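The structure appears below as structure tokens.
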Amino acid sequence: MTDSEQPDGPSEQELLAQAADAGIHRLAIPTPFQVGRVNAYLIEDSPLTLIDSGPNSGKALDELEQALAARGHAIEDIGLLIVTHQHIDHFGLAAILARRSGAQVAALEGLAPYLRDFREATELDDRFAQEIMLRHGIPADVVIALRAVSASFRAWGSAVEVTRPLRDGEELRLRDRTLRALHRPGHSPSDTVFLDESRSILLSADHLIKHISSNPLLARPLGAGPDFADPRPRALIDYMASLERTREMDLALVLPGHGEPISDHVTLIDERFRMHRRRAEKIHGLIAAQARTAHEIAVELWGNVAVTQAFLTISEVLGHIDLLLDEGRVVERDAEEEIVRFEAA
Ligand SMILES: [Zn+2]
């Protein structure tokens, strides 16, 4: 069964209509990234609220303006702008929108310094990624090339001042609804989902996506300084704990940051758990056959993609190795040149 099959479930159009009945409208904004369009959500309430904005590009701004106009609004009408997490496809336009509209900008309080000092924060992120990549066997020339790619992506982000910092569990009160901010780290350290409580609608951003499994990307912990790579963060473990919490929620509808709405989050989350289990077992098999670095495992699993998407793929591998380390089935060995190899326990 593929991820997209959901026998007898309501159609995408039906689910979007259900959201629209609740005053929540999906605006799919173009991005230059492989993920394709990003979903911003317009909530027709008071204040007029936009959840995520799309990347900082003329094309994204143009399409966002058109989408707002199609519903009878302008950027200047936005009163509240909510940022779900630290990825530029979601918040890149926030600064421009906030300046033009004067909207309040709400985000998790731990994310506020990152968004304010965006350049410096991403500089530290790059150093973090570089350290992790070298430690886990990615060749130095590949690391240098990837750093240049990463730097060129930064233009789609932009620093923005958070004027309404949110604690985990805090409520945002609008005229017709309450949105509760819930911290669900894993895909990124700042992932925040927003629950429209009376309607049981969850705006999940990249925490839960129907057609792709959300990559639990290794990332510098929020607010971490120069010694951030050791001990290494455990993104998949964090992510699975966050998924458990979402699984327990009674939800009528989940509106994700990319792709279609989700009507049965429990089934989807269970599918994700099974997929991660299968992947961990496959990786265990590779390690049992011979000691390997995370990068060697990634090459074994994904071939050339392990080079072009080196950080993403070692994040995947290390996440699953963390599951195996916790179970005591794999051990870490960093004897030679500070490159880490994993072997079966
Ligand atoms: Zn993301």
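Both ligands and their constituent atoms are indexed starting at 1 by order of listing. None of the values given here were measured: they were computed from a predicted structure.
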Under the salt bridge (Lys or Arg N to Asp or Glu O under 4.0 Å) test, which residues partner Arg278, sequence neighbours left out? none
Salt bridge check: are Glu170 and Arg180 linked by an N-O gap of less than 4.0 Å? no
Please report how many protein N/O/S atoms lie under 2.8 Å from the Zn ion (ligand 1). 4
For Asp126, give me all partners under salt bridge (Lys or Arg N to Asp or Glu O under 4.0 Å), at least two apart in sequence or on another chain. Arg154
Plane angle bin for His85 and His90 - parallel if under 30°, tilted between 30 and 60°, otherwise perpendicular: tilted
Report the residue from His258, His87, His207 that forms a ring pair (Phe, Tyr, Trp, His ring centres under 6.0 Å) with His187. His87
For His276, enumerate each residue passing the ring pair (Phe, Tyr, Trp, His ring centres under 6.0 Å) test, keeping only those at least two apart in sequence or located in another chain. His320
